[in-house]
Amino acid sequence: MMNYDFQKIEKYWQDYWRKNQTFKASNDSDKPKFYALSMFPYPSGAGLHVGHPLGYIATDIYSRYKRHKGFNVLHPMGYDSFGLPAEQYAIQTGQHPAITTENNINRYREQLDQLGFSFDWSREVRTSNPQYYKWTQWIFIQLFNAWYNKKSDKAENISSLIAIFEKEGNTDVEAACDDDTPSFDTVTWNGYSEKEKQEILLKYRLTYLADTEVNWCPALGTVLANDEIVNGVSERGGHPVVRKKMTQWSMRITAYAQRLLDGLDKIDWPQPLKDSQTNWIGRSVGASVTFNVKMDEMLKQVQHDDVTSSAVEKPYEIEVFTTRPDTIFGVSFMTLAPEHELVAKITTPEQKVEVDAYVEATAKRSERDRMADVKTISGVFTGAYAEHPFTKEPIPIWIGDYVLASYGTGAVMAVPCGDQRDYDFAKHYNIDIPNIFEGVDISEEAFADKETTVIANSDFLNGLPYKKAMKKIIAELERIGHGEGKVNYRLRDAVFSRQRYWGEPFPVYYVDGMPQMIDLEHLPLQLPEVEKYLPTETGEPPLGNATEWAWDRLKAEVVSNDLIDNVNIFPLELNTMPGWAGSSQYFNRYMDPRNDEAIFSPEAINYWQDVDLYIGGSEHATGHLLYSRFWQKFMFDMGYVPKDEFAQKLINQGMITGESAFIYRAETFVVYNDGKGKVKDIPIEEINNDGYLLSYSYIKNSDIHHSSYGTFINNEELEKRFTKELREKFASKVLNEDELVYEEYLSDYENLYVTAIYFYKLHVDVSYLVGVSNELDVDKFKNSKMYSDTSSLKLICDEDGKYIVGREVEKMSKSKYNVVNPDAICEEYGADSLRLYEMFLGPLEQSKPWNTAGITGVHSFLKKLWRLYSPLEGGEGGVEPTADNLKTLHKTIKKVEEDIENFSFNTSVSTFMICVNELTSQKCTSKAILEPLAILVSPYAPHIAEELWSRLGNTASIAEAPFPKFEEKYLVESSKEYPISFNGKMRFKLEMPLDMSKEDIEAAVLAHEKTQAQLEGRTPKKVIVVPGKIVNIVG
RNA sequence: GCCUUGGUGGCGGAACUGGUAGACGCGCUGGAUUCAAAAUCCAGUUCCUUCGGGAGUGAGGGUUCGAUUCCCUCCCAAGGUACCA
């Protein structure tokens, strides 16, 4: 048999699988189903690096394993192909994003193909493909045509809501809807115009238009996310950003807040991910309480102000949300967010100047800024008072930026004795801190523990513990009409509009300003062509550049904008959908991806049901994975899908980090002048205009010392050398004429010492290193762009001419020059080696650094495996297996099966190594052993497994071969090498039969000479014998 | 701050429900083979040691015959989240 020619083998089997459609899944099978899914990638221009395939390999191993176990496996792959980078590239180069995307996808496909995945490519989806986004648009329309009925606790068709309105108005409707929804009866409803009716309905629909405040950057012509803004200006370009109200589509995800929370208990997802979602939804239970503003104060103000008397007929109300209504008798002030709408209305003339100044100052700071600055206490008294709902005492109303307008009602009742922030605020401004806790000292800090005390000084709540007090106070609040029990969520409705080109167009046109949906039969509404991909001069989104972007309702087609008459031809929506639109149902579309009549057939969804195993990165915790659960629940409510959670089990694969390489550039000399006793920093450029000292600007790692002060030199020899050269420089007076700063050194430069040199570290591309070592390939580096960019620099090397770089583990990314590409590794070691190695690196869920050096280990394992099969070529080897052979095999079967079920792929790779090492030393040539072994290996290293399988004489693919059955009988032992420990420490081993009795074991151990030596004459206090496990002697 | 997950040789990492710590691989050292190299094979490799043995899983304490594993306190790292009322 020839050598292990992995390139030939891998190519052959990849072609074989493609031709034979080995991994095509059927939607109709007697076998049980298994749906294994990897998160589909965004096809970026950079291609795959070694970190990307980690999760795919894991999913692939599990899929192949399930096939061996007799399952009908669905294992699809596709592309999340709408997105910003392709659009940005289009803006810069004019190349259509569709072309960029297509090129990138082709590159991805090539890279994926060479890794030997068992994907069913016939089911590939691309979110930017009109045949795909037709169904994204369809779901949008379904959401538009739905409302959330809190009584049935599910989404229903909007027609059921209209029916209720027509019959009884909306007073009895309990729905997730806008806060400003008016109440009306049947007569009023029927009296509304069609447009008014549509406006009301929009307040109930699960996707709706609303004015949303966004971060608008006029210079970039786009909306920015919070993290794209730094210090009030855009991160990119530093342009000013303003808050701007824009009409945007929103998704009423808040309707599902509770069900999204409850659903987490039913699914097997990682705890950290569930916790992120729980925090994100942010449920808090408490009460809303209404405080009236004291009107006698307000009325006085009316004399001075222009407030009309009608405005104060009804007292102003401040609604707060609190999780501790039981502490209401501890309220000593209230705080409003500076943006609160009442601030302007209630501020007294005396306080007006101060309040206005504070409001203005806060407005200048971004919300992010305010939140980051937690320590500073600031606030201003408005001069107004609220009335305590029970005691009727006046409560001063303050404003303070620790209260956020965006959470709750933007106002809090401050209970300084029970909340540390309120406490600090009260202390700072000398406000009363009444104590309402029995026997608790609050002289130093607030007391926030709910469980360990009872309420005092609180009228009817006195003596009650937390839970009882909560119940009682909520009942009382409801009785006097000043509040009610309430559950508050942090979760906000999701903005669904983007001012981008490369996204799904909304299937929406506008009649009289009201949105109308395009009928399903006319979908997809395809993305129009535009001249340029930037926003228009009038600030409209990029689709505003399209000239053919109007909807002809009669012809049901897109026509030129010139034809818009608002009778039959109407303008189309200019925004596009966000990135998560296309990924929120793709897992279901894979079940029936070529269906043009429906998003999927009922047969397909009923057969596949849901995803059994989903593997992907944890960065999608509160984005994709939350939105997908939301849409799935909606689809469930509407009866389209049978499960209300789309993925039963989810695993987050860890990140593979890269080892960045660094070189060090000298930045500053610290010079000490002995004659004058002066210390000075000299920036290297200032003394360097002839390039003289720059010749030493790259220093190797071992001469560098890193500390919290910076990176500086750690080599006395070099300091001396620099000192010498610096003196020479002064001696030869080669300084610039205008650099008189250093003139003072000229007179006594002989007393000059370089005492330290500071360095700036620079990433150097890992491909400039010699092989996989830490040594810089000096020639290669000198020919590189980086080197020529940084001018004529020389490296200070060791005496033997080597330059050792510094290494640090960082996220693998192009900008850090630490990317390792799988192509080169496949070329050199093969896909099977890469697959095995990625798994061998460590636990799937853990992040770990990539180190190419280690791949030789798994590669030589594959060579050993190959050699093990060599004598059996041509189907020979009917040799009876020995007991040892069988023991090794079955030990391996057991371990590998357990490992795969536990997703502990790293340990099964070592199990294979042990197995092959053992069989090799046993000189095993039995087909009865090697055939099942090939099946065990095949999920991990499918190419070599197929090859060996066929060389053993099999004609069919190994993919469907049944997984070997583990048999306990081959592992039964008759004796055990007992560890003999003294006080828990193992000291020696003793072989004894397994059927030996406890007493006999004890006697045998005590009689042993080594035992006596250990005891040194002492009598053991106790002897523990655990048969089959251990002997422990105490004494 | 809070939540979560971790902390084991020079490195990546093993160790089942408490029962022989360091499997497996990398690296390193020595040897064999070779004209030489690659490749391959063999032996060694936690630390200390007076070669008897002793210590050892972030630190300290506890439970136990026995703790990497369970409990408490603390330290460190990574990820998430944050004036959330």
Side-chain angles (χ1 to χ4, degrees), chain A residues 3 270-280 282-284 286 320-324 327 334-335 337 367 370-377 400-404 406-415 418-422 424-425 488-490 618-619 621-622 652 654-655 657 659 772-773 836-837 840-843 845-861 863-864 867 895 898 902 904 906-914 917 977-989 1013-1014 1020-1026 1028-1035:
Chain A
N3 283 336
Q271 195 55 43
L273 198 152
K274 286 187 182 184
D275 289 338
S276 306
Q277 292 209 349
T278 306
N279 290 339
W280 191 261
R283 179 181 203 260
S284 27
V320 302
F321 173 76
T322 174
T323 54
R324 295 294 305 273
T327 61
M334 304 193 67
T335 316
E367 189 153 308
R370 268 168 68 183
M371 289 192 279
D373 180 19
V374 180
K375 285 182 195 112
T376 330
I377 295 166
D401 67 2
Y402 79 96
V403 177
L404 301 177
S406 57
Y407 182 77
T409 59
V412 299
M413 59 176 226
V415 184
D419 181 286
Q420 194 57 45
R421 287 173 323 235
D422 296 344
D424 295 341
F425 195 89
N488 200 47
Y489 297 94
R490 199 179 77 98
S618 58
E619 66 274 19
T622 50
N652 289 131
M655 195 171 35
T657 47
E659 263 195 292
V772 292
S773 73
L836 275 177
Y837 187 54
F840 187 56
L841 228 39
E845 306 193 34
Q846 192 176 303
S847 86
K848 53 240 158 191
W850 177 265
N851 177 356
T852 309
I855 202 167
T856 54
V858 291
H859 188 65
S860 56
F861 156 73
K863 285 196 274 193
K864 270 188 220 168
R867 273 201 301 275
K895 179 80 171 114
E898 281 169 5
N902 293 322
S904 176
N906 54 328
T907 49
S908 31
V909 178
S910 26
T911 305
F912 290 137
M913 290 173 172
I914 295 166
N917 287 345
E977 195 176 32
Y978 277 90
I980 313 298
S981 49
F982 292 80
N983 298 318
K985 283 227 160 282
M986 202 280 290
R987 293 307 179 202
F988 65 94
K989 288 173 189 170
Q1014 276 290 334
K1021 287 192 192 119
K1022 206 170 174 184
V1023 178
I1024 311 279
V1025 177
V1026 185
K1029 284 224 159 136
I1030 200 170
V1031 178
N1032 190 21
I1033 297 165
V1034 190

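By convention in this document, chain letters (A, B, ...) are assigned in the order of the sequence lines, proteins followed by strands, and residues within each chain are numbered from 1.
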Under 3.5 Å, which N/O atoms of the protein pair with N/O atoms of nucleotides 14-16 of chain B?
unit_1, atom_1, unit_2, atom_2, d
B/rA14, OP1, A/N906, ND2, 2.8

- Query: With Watson-Crick and G-U wobble geometry limited to distances under 3.5 Å, how should the secondary structure of RNA chain B be encoded in dot-bracket form, using | for bases paired to another strand and [ ] for crossing pairs?
  - Reply: (((((((..(((......[....)))((((((.......))))))(((....)))..(((((..]....))))))))))))....

Show each protein N/O and nucleotides 78-80 of chain B N/O combination with a separation under 3.5 Å, one pair to a line.
unit_1, atom_1, unit_2, atom_2, d
B/rG80, O2', A/S276, OG, 3.4

Please enumerate all residues that pass side-chain hydrogen bond (donor to acceptor under 3.5 Å, both in side chains) together with [X], with sequence neighbours excluded.
| X | result |
| --- | --- |
| A/N902 | none |
| A/T327 | none |
| A/Q277 | A/R629 |
| A/T907 | A/D899, A/S904 |

Sequence neighbours excluded, which residues qualify as ring-ring contact (aromatic ring centres under 6.0 Å, His included) partners of [X]?
| X | value |
| --- | --- |
| A/F321 | none |
| A/F425 | A/F333, A/W398, A/Y402, A/Y429 |
| A/F861 | none |
| A/F988 | A/H1008 |

Donor-acceptor pair, side chain of [X] and main chain of [Y], under 3.5 angstrom:
| X | Y | result |
| --- | --- | --- |
| A/S981 | A/V1031 | yes |
| A/D422 | A/V415 | yes |
| A/K848 | A/P843 | yes |
| A/Y978 | A/G1028 | yes |

- Of the candidate nucleotides B/rU81, B/rG12, B/rU40, which contains the atom at the shortest distance from the side chain of A/R867?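 Out of B/rU81, B/rG12, B/rU40, the nucleotide with an atom closest to A/R867's side chain is B/rU40.
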
- Among the nucleotides B/rA85, B/rC24, B/rC65, which one has an atom lying closest to any side-chain atom of A/V403?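 That would be B/rA85.
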
- Message: Using heavy-atom distances to pick each residue's nearest nucleotide on RNA chain B, tell me which of A/K1022 and A/V909 is more 5'.
- Response: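 Taking each residue's closest nucleotide, the earlier one in sequence belongs to A/V909.
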
- Please report the C-alpha distance between A/F840 and A/I855 in whole Å, then the side-chain angles of each, then the deciding distance to 0.1 Å, and finally whether the side-chain contact (heavy atoms from CB on, under 4.5 Å) criterion is met. CA-CA 9 Å; A/F840 187 56; A/I855 202 167; over 6 Å; no

- Query: For atom C1', what is the distance between B/rU73 and B/rA23, given to the nearest Å?
  - Reply: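 Per the computed distance, 33 Å lies between those C1' atoms.
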
- Quick one: what's the B/S/- string for nucleotides 43-60 of chain B, heavy-atom cutoff under 4.0 Å, read 5' to 3'? -----------SSB----

- Task: Compare side-chain N and O positions of A/N983 against OP1 and OP2 of B/rU64 and report whether any pair is under 4.0 Å apart.
- Result: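 No, outside the criterion.
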
